[in-house]
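Being a predicted model, the structure only gives us computed values, none of them experimental.
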Amino acid sequence: MAFFCHSPYLGGGENHLLRHAQLMLKYGIKPIWCLPDYFSSIEEKNTEIARKLGFDIAYLPIRVMTEPENFELNKESVSILSAWLQTQNISLVHSVTLMPELSAAAKILDIPLVSSLYAVNLREGHGDWNSFSDVVHSDSVLYSNIWSRIFDVPSKCIRSWIPQEYFEIGQEKLDGTLRFSKEKNKKL
């Protein structure tokens with residue numbers, strides 16, 4: 001399984017995708033963490049975490065877009081991505097944001113593509129994008145439904161994972177026993 005992330009930084013979408021990749025380890029699946037090739041010289045938090053978890057990391061010719069708009073596919077990138085997906089024996093792709101060449105490569109090889117997508121200005125389907133993804137996930141019901149209409153695919157709202165420590169702190173606050181310490185701050 002390959003996880004395609006749009007940046008090496010640890011923001012909301014990246015964090016969510018990293019959590020999904022971590023869950024695969026529990027099922028005995030070793031994910032491959034993929035980033036645009038122009039980030040190959042940058043080591044940031046999400047690549048650091050992926051390395052610590054033992055994920056292989058690949059830097060590939062991925063174009064990243066946040067809004068569906070008119071575009072022309074880079075056929076060379078589609079070819080490189082298709083060959084890479086085949087060589088790695090990838091059977092499922094999960095991406096954050098729009099990656100048109102990745103989508104085209106997955107479609108050529110009949111590999112299902114799950115897309116984690118968030119805020120968008122467009123509200124209805126757009127001809128060139130109707131077969132972009134096989135299923136959409138968002139952390140918002142509103143955007144999950146909008147992306148579903150844009151791509152004409154099923155969607156699911158999945159909230160971001162929150163560490164247990166935050167719930168414990170919330171309960172302590174409700175109980176009136178909340179006390180911060182250096183040790184507790186390190187956990188967060």
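Connection of Ile32 to Ile80 is not established within any shared hydrophobic cluster, with ILVMFWY side chains joined at heavy-atom distances below 4.5 Å, either directly or through further cluster members. A single hydrophobic cluster is not seen to contain both Val153 and Val141; linkage of ILVMFWY side chains at heavy-atom distances under 4.5 Å, directly or through other members, places them apart.
In this structure the side chain of Pro61 never reaches within 4.5 angstrom of the side chain of Glu101, judged on heavy atoms. With contacts defined as side-chain heavy-atom distances shorter than 4.5 Å, the pair Phe132/Ile150 does not qualify. You'll find the side chain of His16 stays beyond 4.5 Å of the side chain of Val96, heavy atoms only.
Under 4.0 Å is where a charged nitrogen must lie from a carboxylate oxygen, and between Lys45 and Glu48 at least one such pair does.
Summarising the geometry, atom CD1 belonging to Ile62 is positioned 11.5 Å from atom NE2 belonging to His6; distances are rounded to the nearest 0.5 Å. Taking CD1 from Ile90 and CH2 from Trp84, the interatomic distance works out to 4.5 Å, rounded to the nearest 0.5 Å. Note: Leu60 CG to Met99 CE = 10.0 Å, rounded to the nearest 0.5 Å. Within the model, atoms CG of Asn145 and NZ of Lys156 stand 11.0 Å from one another, a figure rounded to the nearest 0.5 Å. One distance of note links CD1 of Ile108 with OG of Ser82; it measures 4.0 Å at 0.5 Å rounding. In this structure, OG in Ser103 is found 11.0 Å from CG in Leu81, a value given to the nearest 0.5 Å.
Between Asn74 and Ser77, the closest heavy-atom pair is OD1-N, 2.9 Å. Closest of all the heavy-atom pairs between Ala105 and Val78 is CB-O, 3.8 Å. Residues Gln22 and Leu53 come closest through the heavy atom pair CG-CD1, 3.3 Å. Pairing each heavy atom of Ile111 with each of Asp134, the nearest pair is O-OD2, 3.9 Å. Counting all heavy atoms, side chain and backbone alike, Ile57 lies closest to Ala50 at CD1-CB, 4.1 Å. Pairing each heavy atom of Cys34 with each of Ala2, the nearest pair is SG-CB, 4.1 Å.
Side-chain atoms of Ser155 come within 3.5 Å of backbone atoms of Ser144 as a donor-acceptor pair (strictly under, hydrogens ignored). Here the side chain of Ser115 pairs no donor or acceptor atom with the backbone of Val136 at under 3.5 angstrom. Without hydrogens or angle criteria, Trp33 side chain to Phe3 main chain gives no donor-acceptor distance under 3.5 Å. Listed for the Thr47 side chain is no donor-acceptor partner under 3.5 Å among the backbone atoms of Pro8. A donor-acceptor pair under 3.5 Å links the side-chain atoms of Ser133 to the main chain of Leu113, judged by distance alone.
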| task | Assess whether side chain to side chain contact (heavy atoms under 4.5 Å, CB included) is satisfied between Phe55 and Leu25, documenting all intermediate values. | result | CA-CA 9 Å; Phe55 299 173; Leu25 292 172; 3.6 Å; yes
| task | Apply side chain to side chain contact (heavy atoms under 4.5 Å, CB included) to Phe39 and Ser7, showing your working. | result | CA-CA 7 Å; Phe39 286 122; Ser7 86; 4.2 Å; yes
| request: Test side chain to side chain contact (heavy atoms under 4.5 Å, CB included) on Asp56 and Lys30 and set out the steps. | output: CA-CA 8 Å; Asp56 290 335; Lys30 184 178 176 187; 3.6 Å; yes
| request: May I have the step-by-step check of side chain to side chain contact (heavy atoms under 4.5 Å, CB included) for Tyr143 and Leu117, ending in yes or no? | output: CA-CA 8 Å; Tyr143 291 117; Leu117 301 167; over 6 Å; no
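Ring geometry, His137 versus His94: the interplanar angle exceeds 60°, so the pair is classed perpendicular (tilted spans 30 to 60°).
The residue from Pro36, Ser41, Ser40 that alone fulfils the side-chain contact (heavy atoms from CB on, under 4.5 Å) condition with Tyr38 is Pro36.
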